[in-house]
Amino acid sequence: MKHEQLAKDILSGVGGKQNINSVVHCATRLRFKLKNDNHAKTDELKNLPGVITVMQSAGQYQVVVGNEVSDVYKALLQVGNMSADEPVTNNDESDSAGKKESLLGRFIDLISGVFTPILGLLAATGMIKGFLSMFTSLEWLDPASGTYQLLNAAGDCLFYFFPIFLGYTAMKKFGGSPFLGMAIGASLVYPTLSGLNGGEPLYTLFAGTLFESPIHITFLGIPVILMSYSSSVIPIIIATYFGAKVETFFKKIIPAVVRTFLTPFFTILIVVPVTFLLIGPIATWASQLIGAGVSSIYDLSPLVTGIVVGGLWQVLVIFGLHWGIVPIMLLNLSTLKADPILAMMFAASFAQIGAVLGVMLRTKNTKLKSLGVPAFVSGIFGVTEPAIYGLTLPLKKPFIMSCIASATAGGIIGFAGSKMFVFASGIFGVPALISPTEGINYEFWMAMMATIIAFVLGFVLVYFVGFKDPANPEAAKQAPEPVKEEKAALEPNPNNRYEIASPMTGEVVPLQEINDATFAGEHMGKGIAIRPTSGRVVSPINGVVQTIYRTKHAIGLVDDQGVEILIHIGQDTVQLKGQHFTAHVKDGDRVTVGDLIVEFDLQAIIEAGYETVTPIIVTNTADYLDVVATTNREVQEKDKLITVIG
């Protein structure tokens, strides 16, 4: 299995199967709901080959792995012996008791869980519809032809029967039987009921108001407000939530011998009428009000709205908060048949790849150049996470420049009133900007101009404003300078040779011999380990404390020459939650060799059952030619421990 090792490392990094409540994936990331986030080894995960970064947002622990996420997800399920249909591996949430998730977090989790499974299909069918609009506008295809009709059916099938697809994913998200959700969704788009709207109404409810509704049929004498639920979003989500509760109730009271057929029987018998009588009309009116509200905000100033949406879209993507806007986009597409938000964020991916191109042409770092190529290609198709997390965000300025370029393009698109008529992104989103009724018009050309501006401006800003270019290890390999055997420890060295002192007294242990696959496999970087004989950690460098972890079991430092050091006291000691540890420094403090930074109760940790062997890692090993550890069997504080050559 291609991604087996990566899956094992990720599973270990999130705290093992026992720490996972659920896991799903979207276009680029694995989205975990963990019992206890503190059990996850975030920094170790970030440094795994194949992991772009780790984000904690909206109640989810997100491991970004890029375009191969679906394969990694399958491997994760296999090595963890988990099921995609039943992702909950442990319902005992005692570890997370008291961990209250925010309303926003629950909403984002709900939306991503409902829409993620069909996102690829949504984009694919949108592309078909977009290309059909383009072909008919260019008169390459006759709308009356059989070819057009068949392709239109292929492109329209998902959105037309949207309640059925969402019925499956939403019911699964709410913990009910997915096929029951499909049945509820199918009833909403049942063609016979839809056709009744064309006849003469029996009478009219709420006449003369915003909610005026002709009544064509009744259910047990109760008037049924028939609406068009094709392409709708909110009614089926609410209906399946109600359906999941009803199903759970009947599962509890119906005997097991007849539960298989009586539970869905009673569930459908109750949920479908309630949906038509109450849930559907109210949810539809709410959808229309939300759509009208969004349009009103947009109408206040399309220019300002475009600048805000374009400029902030990539920031929302970073935290996974863009999922909160997806329902609004789909509402606009279903009620207005077009969406301005999709159009205003369309150029963001092109601003991002313009910035990536600027980085690739300006940097002298061969690693960045190699990362840039796949990130650029992914961005062309609208998947920008590899570009954001792999290049522009770590370099800071390029990310800011791409947001400026995207905001500029968003303002132009908003001012022009451009819209997208189907859900699509990246280069395949171009046909989606073509109006099915008006064809290629002024709004389309303005959107194209804005997209080109986003790309060019992203490139120009990054290339000419510049950024701090990381050291290039390849250049050093090509022209190495002579190195001296001896040098003053930790002083600026013209021969690119830096020495790291020992942070503790104890027995030296090779990394390969410690019982931790991430450290032993040098996934975090090269280094050495020490089994301490005293409970002191002193600074091994002259530099700055980058991070003291909340649990005080790990310390990140960076020396004056840029060498980054991680000291991880013991194995799995994060579970002690800071007990037996005392920190004497804080983030940002200046330290010199020998300064006391952490004390720990060595005996208490051993008695608690934890291994005390402590890895000392050069986490930016890739920036140097080599990292060489001492060959001594034992070391004292401040002894020479590691030599970094680079």
Side-chain angles (χ1 to χ4, degrees), residues 27-28 46 51-53 55 64-67 306-319 322 343-414 425-430 446-476 478 562 620 622-623:
T28 57
K46 285 181 179 179
V51 173
I52 298 172
T53 192
M55 300 293 302
V64 185
V65 296
N67 299 330
I307 291 172
V308 172
V309 171
L312 293 182
W313 184 256
Q314 294 170 97
V315 178
L316 296 176
V317 169
I318 289 174
F319 296 104
H322 59 302
M344 290 183 289
M345 52 72 59
F346 172 71
S349 60
F350 294 93
Q352 191 64 229
I353 63 174
V356 168
L357 183 61
V359 170
M360 290 168 61
L361 294 182
R362 173 139 185 159
T363 185
K364 292 182 172 27
N365 186 293
T366 51
K367 183 179 179 182
L368 285 183
K369 287 182 183 289
S370 63
L371 285 173
V373 175
F376 186 89
V377 173
S378 295
I380 290 174
F381 298 104
V383 180
T384 55
E385 279 91 339
I388 292 173
Y389 297 124
L391 289 167
T392 60
L393 190 59
L395 294 173
K396 297 181 179 66
K397 278 188 180 179
F399 181 76
I400 295 170
M401 298 300 107
S402 71
C403 288
I404 292 172
S406 180
T408 304
I412 295 171
I413 290 171
S425 62
I427 194 70
F428 291 120
V430 172
M446 288 296 287
M448 290 297 94
M449 182 184 75
T451 303
I452 295 169
I453 289 173
F455 176 79
V456 173
L457 190 58
F459 167 74
V460 169
L461 287 174
V462 170
Y463 189 82
F464 290 103
V465 173
F467 51 90
K468 186 179 178 181
D469 197 8
N472 183 14
E474 293 300 320
Q478 293 169 8
N620 59 339
D623 293 341

Sequence-distant partners of V308, side-chain contact (heavy atoms from CB on, under 4.5 Å), two or more places apart: V304, L312
Which distance, rounded to the nearest 0.5 Å, do you find between the CG of L393 and the OG of S402? 9.0 Å
In terms of heavy-atom contacts, S406 and Q314 come closest through CB-NE2, 3.8 Å
Just to verify, what does V460 make a side-chain contact (heavy atoms from CB on, under 4.5 Å) with, not counting sequence neighbours? V456, F464
Just how far is it from atom CZ of F381 to atom CD1 of I353, taken to the nearest 0.5 Å? 10.0 Å
Heavy atoms only: give me the nearest G372-V356 pair and the separation to one decimal. O-CG1, 3.6 Å
To the nearest 0.5 angstrom, please state how far the CD1 atom of I412 sits from the CD1 atom of I307. 9.5 Å
Taking ring pair (Phe, Tyr, Trp, His ring centres under 6.0 Å) as the definition, give me every residue that meets it alongside F376, ordered by chain and number, with sequence neighbours left out. none
Between L457 and A405, the two heavy atoms sitting closest are CD2-CA, 3.8 Å
Is there a side-chain contact between M345 and I413 in this structure, where contact means two heavy atoms from C-beta onward sitting under 4.5 Å apart? no
Minimal heavy-atom distance between L461 and M401, with the atoms involved, is CB-SD, 3.6 Å
What's the separation between atom CG in L357 and atom CZ in R362, rounded to the nearest 0.5 Å? 13.5 Å
Applying side-chain contact (heavy atoms from CB on, under 4.5 Å) to A454 and not counting sequence neighbours gives A347, A351, A409
Not counting sequence neighbours, which residues clear ring pair (Phe, Tyr, Trp, His ring centres under 6.0 Å) with Y463? List them please. F459
So CZ of F350 and CD1 of I427: to nearest 0.5 Å the spacing works out to 4.5 Å
So I452 and F455, do their side chains get closer than 4.5 Å, heavy atoms only? no
Partners passing side-chain hydrogen bond (donor to acceptor under 3.5 Å, both in side chains) against T392 (at least two apart in sequence or in another chain): Q352
Considering all heavy atoms, the nearest A375-L391 contact: CB-CD1, 4.1 Å
So, for K397 and G466, which heavy atoms are closest and what is the spacing to 0.1 Å? CD-O, 3.4 Å
Applying ring pair (Phe, Tyr, Trp, His ring centres under 6.0 Å), name anything that partners F399, two or more places apart in sequence or on another chain. none
